[in-house]
Every structure is written in structure tokens, then in C-alpha cells.
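In the text below, chain A, chain B and the rest are named by the order of the sequence lines, each starting its count at 1.
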Amino acid sequence: MRLSRYFLPTLRETPKEAEIVSHQLMLRAGMIKQQAAGSYSWLPLGFKVLNKVVRIIEEEQNRSGAVQLLMPTVQSADLWRESGRYDAYGKEMLRLQDRHERDMLFGPTNEEMITDIFRTYVRSYKDLPLNLYHIQWKFRDEVRPRFGTMRSREFLMKDAYSFDLDEASAVKAFQRMFVAYLRTFYRMGLTGIPMRADTGPIGGDLSYEFHVLAETGESAVFLDSDLLDKPIPSIDTDFRGDLDPIFKDWTSLFAATDEMTDEATFRASVSGNKQLAARGIEVGHIFFFGTKYSKPMGAKVTGPDGKDVEVQMGSYGIGPTRLVPAIIEASHDENGIIWPVSVAPFEAVVINLKVGDATSDKAAEGIYDDLVREGIDALYDDRDMAAGGKFANADLIGIPYHLIVGPRGLKDGTVELKHRKTGERETLSIEAAVGRLKALIVPQRRDTV
RNA sequence: CGGAGUAUAGCGCAGCCUGGUAGCGCACCUGCUUCGGGAGCAGGGGGUCGAGUGUUCGAAUCACUCUACUCCGACCA
């Protein structure tokens with residue numbers, strides 16, 4: 001992408017409405033624009049990151065055996081009356097009427113609808129296990145939206161729903177999502193820590209929130225610091241096999257939000273040098289709820305014994321529009337965002353310091369073309385402006401690698417490579433630059449590990 | 001939903017107290033000079049001062065009402 005033809009409205013000053021750093025940086029980097037309280041347009045740069053986050057979620061959901069579909073945003077109230085939630089949900093649900101004065105709603109979640117789909121088509125235990133997911137916009141009329149897209153009213157959510165014949169197989173479905181989530185967050189450059197969460201009236205222990213540690217997190221969390229070093233299940237993980245050892249490994253150590261524990265319990269349960277009291281951003285939640293919807297809505301399959309059984313269900317959410325700011329909270333400095341390669345809007349930027357100078361133009365464009373040819377998602381800063389502004393922009397929008405092309409280096413046939421994260425600089429020959437970048441970038445995509 | 005604030009150019013702000021031609025920085029446009037960390041000079045464009053009502057000869061400024069947005073709390077992917 002040539003920057004002169006792109007749409008990147010960066011701001012030099014921080015809009016005053018933004019309180020936390022991710023919100024400030026998303027506005028300054030030209031990623032989002034607020035349209036109303038808790039309602040945002042995703043500008044090209046932000047949308048590109050959001051799509052990379054979504055792609056990773058899809059790949060890992062698919063890998064785990066979940067199957068993607070797409071349900072509507074606007075739902076009929078009738079389904080929600082069946083489950084009893086139309087009256088129970090409260091003012092967070094945005095209620096609408098169509099021209100025939102039928103009650104509708106903008107979906108805050110999709111348990112009812114997916115249960116309806118399931119009961120329409122699935123009749124036999126032989127069709128189980130089944131996990132259906134979609135990635136769709138939701139609306140929750142939050143009392144107080146804040147922190148940019150971290151807590152917006154309209155937000156994108158991946159929600160998966162598992163269907164099983166009995167609780168034992170539902171546990172396996174739960175564990176598949178558990179492992180998929182570990183991998184998903186890791187691939188985005190995050191450590192998503194599973195923490196015991198409230199199971200509500202269902203009970204049991206099959207409810208985990210995944211938290212990313214960050215100073216600005218909304219929840220106080222307590223954990224054993226050894227969790228930060230746990231190995232992530234690899235790409236070779238057999239999702240049809242026994243995942244219980246991985247599940248047990250990750251859940252044997254103490255990790256809970258302040259809603260589930262108190263500091264005294266934590267201090268008593270974890271040895272002193274492993275105690276980590278921090279703050280967390282909830283980026284996912286997996287939850288088993290049994291027959292809560294299948295029972296009132298009549299989602300049954302015929303079992304091997306010929307008798308109908310209400311299916312055991314679970315739901316599994318991830319918030320992509322929350323993950324983007326969460327990644328920024330976890331990875332930034334005073335100059336701007338520092339994107340992990342796997343979700344960076346561009347993997348590298350070629351900065352032409354002297355646009356219009358034949359030598360600089362030729363070298364910069366040549367390198368840019370080669371990068372694109374090599375499959376690198378590259379940006380070319382071909383704007384005719386002073387160097388300082390280009391450097392500042394490249395830092396602000398957080399491109400992992402900056403290839404600086406200017407007359408000073410070109411005299412000797414060299415260009416400079418700057419690592420955004422470390423500030424490290426390398427002087428490379430023009431010929432070596434593309435190869436070096438590729439060698440740095442490809443492993444960090446984390447798409448083969 | 002309780003409490004507290006804010007609203008003046010795209011962004012950040014001054015002006016308001018003490019009513020009288022709407023300003024500054026950045027951004028934007030034109031020209032020239034520049035060109036390795038947010039360049040310099042010169043010229044220029046852009047405003048229903050959140051909305052409404054009132055007071056007044058005259059309202060960004062005073063009064064009242066409303067709206068939007070932000071922050072703290074309770075609630076949440």
C-alpha cells in the first residue's frame with residue numbers, strides 16, 4: 001500500500017475524551033472514530049488489524065472443529081420469550097419494533113437463535129458433537145460505555161455454541177475451546193490466562209474467563225506467576241484426542257478474579273514468590289450451561305437407546321473489538337503502538353526520506369515491490385513530507401519494522417532497518433534488506449507453531 | 001441509574017468573571033526554500049461559539065430549559 005493513496009488520518013494531539021492509552025492511541029493512529037457513545041467507525045488501519053484478529057480466531061476455531069455460520073443481528077422477540085430472557089434481560093437489550101409493530105431486538109448474544117437452528121435440523125445423537133460459531137456485531141446498551149472499543153455498546157463478538165449428548169462429552173467440547181483459546185491469544189502475541197469464573201445458577205467448575213494482564217484492566221486478578229510460563233499447545237494438538245492433561249495443567253495453578261476469590265485466600269494458596277496480584281482485561285469467556293436453553297426451547301436428540309434427550313450446551317465468547325485495544329494496552333510505549341507481527345496492520349514500512357529524488361525513489365520502490373512480491377504485508381511511505389513526521393507516524397501506528405531509505409545510506413548502497421519494539425537498528429545493503437525482513441517477519445506470524 | 005464535569009474551526013485550547021468587530025497553536029490550501037526524528041518564510045481558507053427560550057440597544061459572555069459527550073460509582077464480551 002502506498003501511503004499517499006491510503007486513508008490514514010493520524011492526530012498529533014490526543015483527543016480529550018480518551019482516558020486510557022489504547023483509546024488515545026487508536027484515535028491518534030487513525031484506527032477508529034467515535035460516532036456516538038459506545039459506537040465507533042473502524043477506519044482502514046483499525047479495520048485491517050481487526051480483520052487480522054478475526055482471521056486468527058477463525059483459524060483456531062476451525063482447527064478445533066467448530067463450524068462457522070452467520071446469524072442476523074436483529075432477532076425476533078418470540079425466541080427470547082421462549083427462553084424467558086426477553087423479560088429477564090433488562091435495559092441492556094436494545095428493543096425495536098418493525099413496521100408491523102412486532103417486537104424485535106438487536107441481539108446482545110445468540111443462544112436462543114442457535115438453539116432454534118439446532119432444534120430445526122439436528123435429530124440424532126450421531127450428529128453430535130457439534131460446535132457452531134459465528135462472528136457478528138452485537139449491541140448491549142451499556143449504562144456506561146467507556147475506554148473506546150474496550151467497552152462499546154456495539155461490538156464484534158465471536159460466539160461459539162457446543163451441543164453434546166451428555167455432560168461427559170460436553171466437558172470435552174469445553175476443553176477443545178479451552179485449548180483453542182490458549183492458542184488464539186498466543187497467536188496474537190498475548191498471554192491469555194484462564195481464570196475461574198462465576199458459573200451462576202448452573203454450578204460446577206466449567207466457567208473460565210481469559211484475561212490479558214494490563215495495568216488498565218477492569219478486573220483485579222490473582223494468579224500464580226508460573227502460569228505466565230506455561231507452554232502453549234502446539235499446532236499439532238489433536239483436538240479429537242484427550243485434552244484433559246492440557247486442561248489440568250493450566251487449571252491446577254491458582255488464577256481467579258476478585259469476584260471469585262479474595263486476597264487472603266490467594267495469599268494462603270500461592271507460595272510467596274509466585275504471588276502475582278495484577279489487573280486483567282477479559283478477552284474471552286467459556287461457559288457450560290447444560291440444558292438452560294435446550295430444555296425450555298425443546299432442543300432434543302434421539303439417543304442410542306431410542307429416547308429423546310435434551311442436549312448439553314456451552315457457549316464460548318471472544319471479543320475481537322476488545323482484543324484490539326487489549327493488545328495495545330499490553331504493547332505500546334511513549335511513541336505509540338507496538339504491534340505484534342501477527343496482527344500488525346502492516347508488517348513493514350518502507351520510508352522514503354526524499355521523495356522526488358530519483359535515487360531514493362528507485363531504491364525505495366524497488367524494495368517495496370520486492371517485499372510485496374515476497375508476500376510481506378508492506379506499507380510504502382511515499383508522502384512528500386519531512387523525515388521527522390514520517391518517523392513519528394511509523395512509530396505511532398506501530399509497524400514492527402521500518403526500512404529507512406535515504407540519500408545518506410544510498411551513497412554507500414545501504415538502507416537502515418529499525419526494529420520498532422527494541423529500537424535496534426541495522427545497516428543493510430539494498431540487496432540484503434528484503435531477505436533480512438522476511439527472515440525476521442515470517443516466524444513471528446505464529447501461524448505454523 | 002446516582003454523583004461530578006465539559007461543550008468556541010478537523011484536533012488541542014484562550015476569550016466568559018467585568019456583554020460591544022471570534023482568537024491562538026497544530027492540521028488544511030498556494031508559492032518559494034528545505035529534506036535522517038513531527039522544517040522555515042510569505043500569503044490564504046475554514047465558525048449557526050451544542051440547541052432553544054429569555055434579559056438587553058446589543059449575548060460566545062448573563063438567566064432558565066434541553067441535548068450530547070466525558071469522568072467516578074453500581075453493571076458487563
Side-chain angles (χ1 to χ4, degrees), chain A residues 9-20 23-24 27-28 30 33-39 53 57 89-93 107-111 135-160 181 192 197-198 200 207-212 218-219 257 259 280-287 315-326 335-336 351-357 360 381 383-397 402-411 414-416 418 423 425 427:
Chain A
T10 56
L11 303 175
R12 197 157 162 179
E13 290 173 280
T14 303
K16 65 176 172 183
E17 74 264 20
E19 190 70 10
I20 62 171
H23 189 194
Q24 295 173 347
L27 290 168
R28 286 194 54 211
K33 179 189 188 306
Q34 180 169 341
Q35 303 292 164
S39 172
V53 165
I57 293 170
Y89 213 93
K91 298 186 81 170
E92 276 203 347
M93 181 151 72
T109 178
N110 286 68
E111 278 85 1
I135 296 173
Q136 177 63 290
W137 292 91
K138 307 288 194 292
F139 194 96
R140 292 183 191 170
D141 200 354
E142 297 272 351
V143 183
R144 191 180 159 209
R146 59 182 135 170
F147 301 152
T149 66
M150 187 86 83
R151 174 172 299 293
S152 46
R153 293 195 294 177
E154 188 171 332
F155 60 98
L156 193 60
M157 183 159 95
K158 185 285 299 185
D159 39 328
Y181 276 37
D198 190 15
S207 176
Y208 282 86
E209 289 178 357
F210 286 75
H211 283 257
V212 171
E218 292 189 273
S219 321
T257 67
E259 290 174 344
I281 300 168
E282 184 188 348
V283 290
H285 190 177
I286 61 177
F287 186 50
S315 75
Y316 314 89
I318 295 182
T321 46
R322 169 176 284 190
L323 270 165
V324 174
N335 294 319
I351 300 176
N352 183 349
L353 289 183
K354 193 160 185 174
V355 172
D357 173 78
S360 294
D381 191 346
R383 296 172 301 174
D384 184 12
M385 60 182 273
K390 295 188 172 195
F391 293 140
N393 271 174
D395 287 342
L396 174 63
I397 67 175
H402 307 174
L403 208 56
I404 300 160
V405 179
R408 200 168 79 188
L410 290 176
K411 278 189 311 202
T414 66
V415 294
E416 188 177 22
K418 178 186 161 186
R425 291 164 189 275
T427 301

Requested in this report: Determine the contact category for A:Gly356: base if any of its heavy atoms lies under 4.0 Å from a base atom, sugar-phosphate if only primed atoms, P, OP1 or OP2 are that close, otherwise nothing.
Outcome: nothing
Query raised in the report: What is the base-pairing partner of B:U56, counting Watson-Crick and G-U wobble geometry with both distances under 3.5 Å?
Result: none
Query - Atom C1', compared across B:A51 and B:A59: separation rounded to whole Å - result: 15 Å
Query raised in the report: What is the nucleic acid contact for A:Ser152, judged by heavy atoms within less than 4.0 Å: base, sugar-phosphate only, or nothing?
Result: base
Report task. Return no unless some side-chain N or O of A:Gln34 is found under 4.0 Å from OP1 or OP2 of B:U70. Result -> yes
Query raised in the report: What nucleotide among B:G12, B:A74, B:G37 has an atom nearest to a side-chain atom of A:Asp395?
Result: B:G37
Requested in this report: Can you tell me, in whole Å, how much space there is between the P of B:A22 and that of B:U34?
Outcome: 41 Å
**Report entry** Aromatic-base stack, A:Phe391 on B:G38, cutoff 5.5 Å, angle under 30
**Finding:** no
**Report entry** Separation of the C1' atoms in B:A77 and B:U70, to the nearest angstrom
**Finding:** 23 Å
Requested in this report: Write down the distance separating the C1' atoms in B:A27 and B:G50, rounded off to the nearest Å.
Outcome: 23 Å
Query raised in the report: Does B:C66 pair with anything, Watson-Crick or G-U wobble, both distances under 3.5 Å, and if so, with which nucleotide?
Result: B:G50
Query raised in the report: Just to confirm, is there a sub-4.0 Å distance from OP1 or OP2 of B:C1 to any side-chain nitrogen or oxygen of A:Lys91?
Result: yes
Report summary line: Assert: residue with more 5' nearest nucleotide on RNA chain B, out of A:His402 and A:His285, is A:His402
Query raised in the report: Quick check: are there more than 12 heavy atoms from other residues, nucleotides or ligands sitting under 6.0 Å from CD of A:Glu92?
Result: yes
Report summary line: Partner of B:C71 under the Watson-Crick or G-U wobble criteria, both distances under 3.5 Å, comes out as B:G3
Query raised in the report: What nucleotide among B:C71, B:C69, B:A7 has an atom nearest to a side-chain atom of A:Lys16?
Result: B:A7
Query raised in the report: Considering only the P atoms, how many Å lie between B:C66 and B:C1, rounded to the nearest integer?
Result: 14 Å
Report summary line: Between A:Phe155 and A:Thr321, the two heavy atoms sitting closest are CB-OG1, 3.4 Å
**Report entry** Pairwise distance CG(A:Asp141) to OH(A:Tyr89) - rounded to 0.5 angstrom
**Finding:** 11.0 Å
Report task. Taking all heavy atoms of A:His402 and all of A:Ile351, pick out the closest pair and write down the distance. Result -> CB-CD1, 4.2 Å
Query raised in the report: How long is the line joining CD of A:Glu17 and C1' of B:C13, in whole Å?
Result: 15 Å
Query raised in the report: Roughly, in whole Å, what's the span from CD in A:Glu111 to P in B:A77?
Result: 11 Å
Requested in this report: For B:U48 and B:G5, measure between their C1' atoms and round to the nearest Å.
Outcome: 25 Å
Report task. Over all heavy atoms of both residues, which pair between A:Lys158 and A:Ala160 is shortest? Give the atoms and the distance, please. Result -> NZ-CB, 3.6 Å
Report task. Scan A:Thr109 against the nucleic acid and name what it touches under 4.0 Å (heavy atoms): base, sugar-phosphate only, or nothing. Result -> nothing
Query raised in the report: Does the A:Tyr181 side chain pair with the main chain of A:Tyr316, one donor and one acceptor, at a distance under 3.5 Å?
Result: yes
Report summary line: From CG of A:Leu11 across to P of B:G38 the rounded distance in Å is 19 Å
Requested in this report: Let me know the distance between CG of A:Asp141 and P of B:A74, rounded to the nearest Å.
Outcome: 20 Å
Query raised in the report: Base, sugar-phosphate alone, or nothing: which one does A:Asp357 contact when heavy atoms must sit under 4.0 Å apart?
Result: nothing
Report task. Please measure how far the P atom in B:C17 lies from the corresponding atom in B:A7, and state the result in whole Å. Result -> 15 Å
Query raised in the report: Reckon A:Ala18 touches a base, only the sugar-phosphate, or nothing at all at heavy-atom distances under 4.0 Å?
Result: nothing
Requested in this report: Quickly work out the A:Gln24 CD to B:G12 P distance and round it to whole Å.
Outcome: 12 Å
Query raised in the report: Which heavy-atom pair separates A:Ser207 from A:Asp198 by the least distance, and what is that distance?
Result: OG-O, 3.0 Å
**Report entry** Sole candidate of A:Arg28, A:Lys390, A:Lys418 that passes salt bridge (Lys or Arg N to Asp or Glu O under 4.0 Å) when paired with A:Asp395
**Finding:** A:Lys418
Query raised in the report: Which one, B:C11, B:A77, B:G38, comes nearest to the side chain of A:Arg322?
Result: B:A77
Query raised in the report: A:Gly389 near the nucleic acid: base, sugar-phosphate alone, or nothing, with a heavy-atom cut-off under 4.0 Å?
Result: base
Report task. Using a heavy-atom cut-off of under 4.0 Å over every strand shown, decide if A:Gly317 touches base, sugar-phosphate, or nothing. Result -> nothing
Query raised in the report: Choosing from B:C1, B:C69, B:C75, which nucleotide comes nearest the side chain of A:Val143?
Result: B:C1
Report task. Once you apply the 3.5 Å cut-off to both distances, tell me the Watson-Crick or G-U wobble partner of B:G23, or none. Result -> B:C13
Report task. Please tell me which of the listed nucleotides, B:G38, B:C71, B:C11, lies nearest to the side chain of A:Glu13? Result -> B:C11
Query raised in the report: Should B:C41 form a Watson-Crick or G-U wobble pair with both distances under 3.5 Å, which nucleotide is its partner?
Result: B:G31
Query - Donor/acceptor link under 3.5 angstrom from A:Arg425 side chain onto base of B:G37 - result: yes
Query - A:Leu27 CG to B:U70 P, straight-line distance once rounded to whole Å - result: 11 Å
**Report entry** Side-chain N or O of A:Arg12 closer than 4.0 Å to phosphate OP1/OP2 of B:A27
**Finding:** yes
Query raised in the report: Between B:U33 atom P and A:Met385 atom CE, what is the distance in whole Å?
Result: 20 Å
Query raised in the report: Under 4.0 angstrom, heavy atoms only, what part of the nucleic acid is A:Asp159 near: base, sugar-phosphate, or nothing?
Result: nothing
Query raised in the report: When all nucleic acid strands are considered with a 4.0 Å heavy-atom cut-off, which category describes A:Lys33: base, sugar-phosphate, or nothing?
Result: nothing
Query raised in the report: Looking at B:G73, does its base get a donor-acceptor pair with the side chain of A:Arg146 below 3.5 Å?
Result: no
Requested in this report: Would you kindly compare A:Ile404 and A:Glu259 by the position of their nearest RNA chain B nucleotide and give the one closer to the 5′ end?
Outcome: A:Ile404
Report summary line: Considering only heavy side-chain atoms of A:Arg144, the closest of B:G73, B:C75, B:A39 is B:G73
Requested in this report: Choose from B:G38, B:A77, B:C71 the nucleotide whose nearest atom is closest to any side-chain atom of A:Phe155.
Outcome: B:A77
**Report entry** Distance between P atoms of B:A14 and B:U6 (Å, rounded)
**Finding:** 11 Å
Query raised in the report: Checking all strands, does A:Arg153 fall into the base, sugar-phosphate, or nothing category for heavy-atom contacts under 4.0 angstrom?
Result: nothing
Query - Whole-Å gap separating C1' (B:G5) and CD (A:Glu19) - result: 12 Å
Query - Side chain A:Arg153, main chain A:Pro145, donor-acceptor under 3.5 Å - result: no
